[in-house]
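Down below is the structure, laid out as structure tokens.
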Protein chains: 2
Amino acid sequence: MKNHAPGADGRLQDDLLTLDNQVCFALYALNRAVTGRYRPLLAELDLTYPQYLVMLVMWEADGRGETPRVSEIGERLRLDSGTLTPLLRRLEQRGLITRRRSPEDERVVTVALAEAGAELHDRARKVPERLLCELGMDAAEAGQLRDDLRALLNRLEEST
Amino acid sequence: MKNHAPGADGRLQDDLLTLDNQVCFALYALNRAVTGRYRPLLAELDLTYPQYLVMLVMWEADGRGETPRVSEIGERLRLDSGTLTPLLRRLEQRGLITRRRSPEDERVVTVALAEAGAELHDRARKVPERLLCELGMDAAEAGQLRDDLRALLNRLEEST
DNA sequence: AGCAATTATATTGTGCACAATATTTTATCA
DNA sequence: TGATAAAATATTGTGCACAATATAATTGCT
């Protein structure tokens, strides 16, 4: 019935092949749980979670006087144009950002923070603090977890 | 222009409101990176990542002679019928599972592992090991991370 | 028995993710 | 110069997630 002997090897692999033993499921479930905690906070700003991440990038860029390309936002967030193009279109329709083709290189679209987007920054300031409270974590604990996750992310991105 | 004094409090909150300081972004990015590492492995089985998770539940259930309800799969994976119904339909169309209305309670749909689904189990056995290799982690490191993530998930799910 | 509330699943609609491909523009080089 | 390759974004199509709602069946109450 099976290719494996019922004993040693097969059983070990079956234990690995269990939902509760998957790192990835813990990651997947926690990510959705955390996103769910954001949702009501971001709903006050009328933003989805990925839109919020884009706005974080835009607020930072604007603070440095920059107007990043679509591809630069994508590198930052690890998202491609298939995801970003419609998302940015929605943010533009709401007047939070503007998009324009670069005159020097017509292939490039640069994204700039618009007036309403800058105003939204003020209203977003309390989100991180409120979220930590939602998560029941203090800043130190969150920082530690963030660093652990980042370290693994870096390792993954550096390897083939 | 702003409600905040430009100094102390505002600046502290701005630091928190930075992409690289977000726990959530690290979680979000890592989750997608890990899922990306699964993709080629699961493509060999012609499964998406959520489909693989459902199959994990089904293989476990089948090992105990159980045919779980849609709602039980949902509780396990923290997914609702809006996600599961079409996903299960696709798995059924491929002959990996069967769905039938319970005769005792016509509201309930029970899901059972089909022949092809059981056969797929054999081919899936090496996935966890190969993934750890992909991630460059050993079992101990993965186990530690899994427990950390689970602990936080449990805390979140126990709190309001 | 009969009606309201509850339960289980399905449906609809929106917004990501991501692969594959298309389009337009720029760079390269024979 | 003129074909060709490369680059940047957009489009299309599939499959999740999840909110809101619908449908149908069961339970509880009077």
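To find a chain, count down the sequence lines: A is the first, B the second, and so on, and within it residues start at 1.
- Note on Tyr28(A): a side-chain N or O is less than 4.0 Å away from OP1 or OP2 of dA17(D).
- Across dG15(D), dA7(D), dA17(C), the shortest atom-to-atom separation from the side chain of Arg107(A) is found for dA7(D).
- Between Tyr52(B) and Trp59(B), the ring-plane angle classifies as perpendicular under the 30° and 60° cut-offs.
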Protein N or O to nucleotides 19-21 of chain D N or O, pairs below 3.5 Å:
from, atom 1, to, atom 2, distance (Å)
dA19(D), OP1, Arg39(A), NH1, 3.2

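- As a whole-Å value, the separation of Phe25(A) CZ from dA17(D) C1' is 14 Å.
- Within the 4.0 Å cut-off from OP1 or OP2 of dC16(D), at least one side-chain nitrogen or oxygen of Gln51(B) is found.
- Nearest-nucleotide mapping onto DNA chain D: of Leu79(B) and Pro86(A), the residue sitting toward the 5' end is Pro86(A).
- Regarding Arg90(B), its CZ atom lies at a distance of 14 Å from the C1' atom of dA10(C), rounded to whole Å.
- The interatomic distance linking Leu84(B) (CG) with dT9(C) (C1') rounds to 11 Å, in whole Å.
- One interatomic measurement links the two molecules: CG of Asp105(B) to P of dA10(C), which rounds to 13 Å at whole-angstrom precision.
- A salt bridge is defined here as a Lys NZ or Arg NE, NH1 or NH2 lying under 4.0 Å from an Asp or Glu carboxylate O, and Arg155(A) with Glu141(B) meets this definition.
- Taking the nucleotide of DNA chain C with the nearest heavy atom to each of Pro50(A) and Pro103(A), the more 5' of the two is matched to Pro50(A).
- Of the candidates dA8(D), dA10(D), dG15(D), dG15(D) carries the atom nearest the Thr48(B) side chain, counting heavy atoms from C-beta on.
- Counting to the nearest Å, the P atom of dA8(D) and the CZ atom of Arg100(A) are 18 Å from each other.
- A salt bridge links Arg99(A) with Glu92(A); the closest basic N to acidic carboxylate O contact falls under 4.0 Å.
- Nearer to the 5' terminus of DNA chain D, by closest-nucleotide assignment, is the contact made by Thr110(A) (compared with the other of Gly36(A) and Thr110(A)).
- Glu72(A) comes within 4.0 angstrom of nothing in the nucleic acid, heavy atoms only.
- Using a 4.5 Å cut-off on side-chain heavy atoms (C-beta onward), Leu145(A) and Asp148(B) make no contact.
- The side chain of Val109(B) lies closest to dA10(C) when the candidates are dA10(C), dT26(C), dC16(D).
- Within the 4.0 Å cut-off from OP1 or OP2 of dT11(D), at least one side-chain nitrogen or oxygen of Arg89(A) is found.
- Atom C1' of nucleotide dT9(C) and atom CD of Glu75(B) are separated by 14 Å, given to the nearest angstrom.
- Between Glu44(A) and Arg123(A) the shortest side-chain heavy-atom distance does not fall below 4.5 Å.
- The phosphate of dC18(C) has OP1 or OP2 within less than 4.0 Å of a side-chain N or O from Arg32(B).
- Side-chain atoms of Met55(A) and Leu96(A), non-hydrogen and from C-beta on, do get closer than 4.5 Å to each other.
- Under 4.0 Å is where a charged nitrogen must lie from a carboxylate oxygen, and between Asp20(A) and Arg146(B) no such pair does.
- Here Arg69(B) does not reach the OP1 or OP2 of dT9(C): none of its side-chain N or O atoms lies under 4.0 Å away.
- In this model, the phosphate group of dT9(C) is not approached by any side-chain N or O of Arg101(B) to a distance below 4.0 Å at OP1 or OP2.
- To the nearest angstrom, C1' of dT26(D) lies 13 Å from CD of Glu104(B).
- In this structure, CG of Leu42(A) is placed 14 Å from C1' of dG15(C), rounded to the nearest angstrom.
- One side chain, Arg37(A) or Ser159(B), offers a donor N or O that lies under 3.5 Å from an acceptor on the other.
- Nucleic acid contact for Leu87(A): sugar-phosphate only, since backbone atoms but no base atoms lie under 4.0 Å from a heavy atom of the residue.
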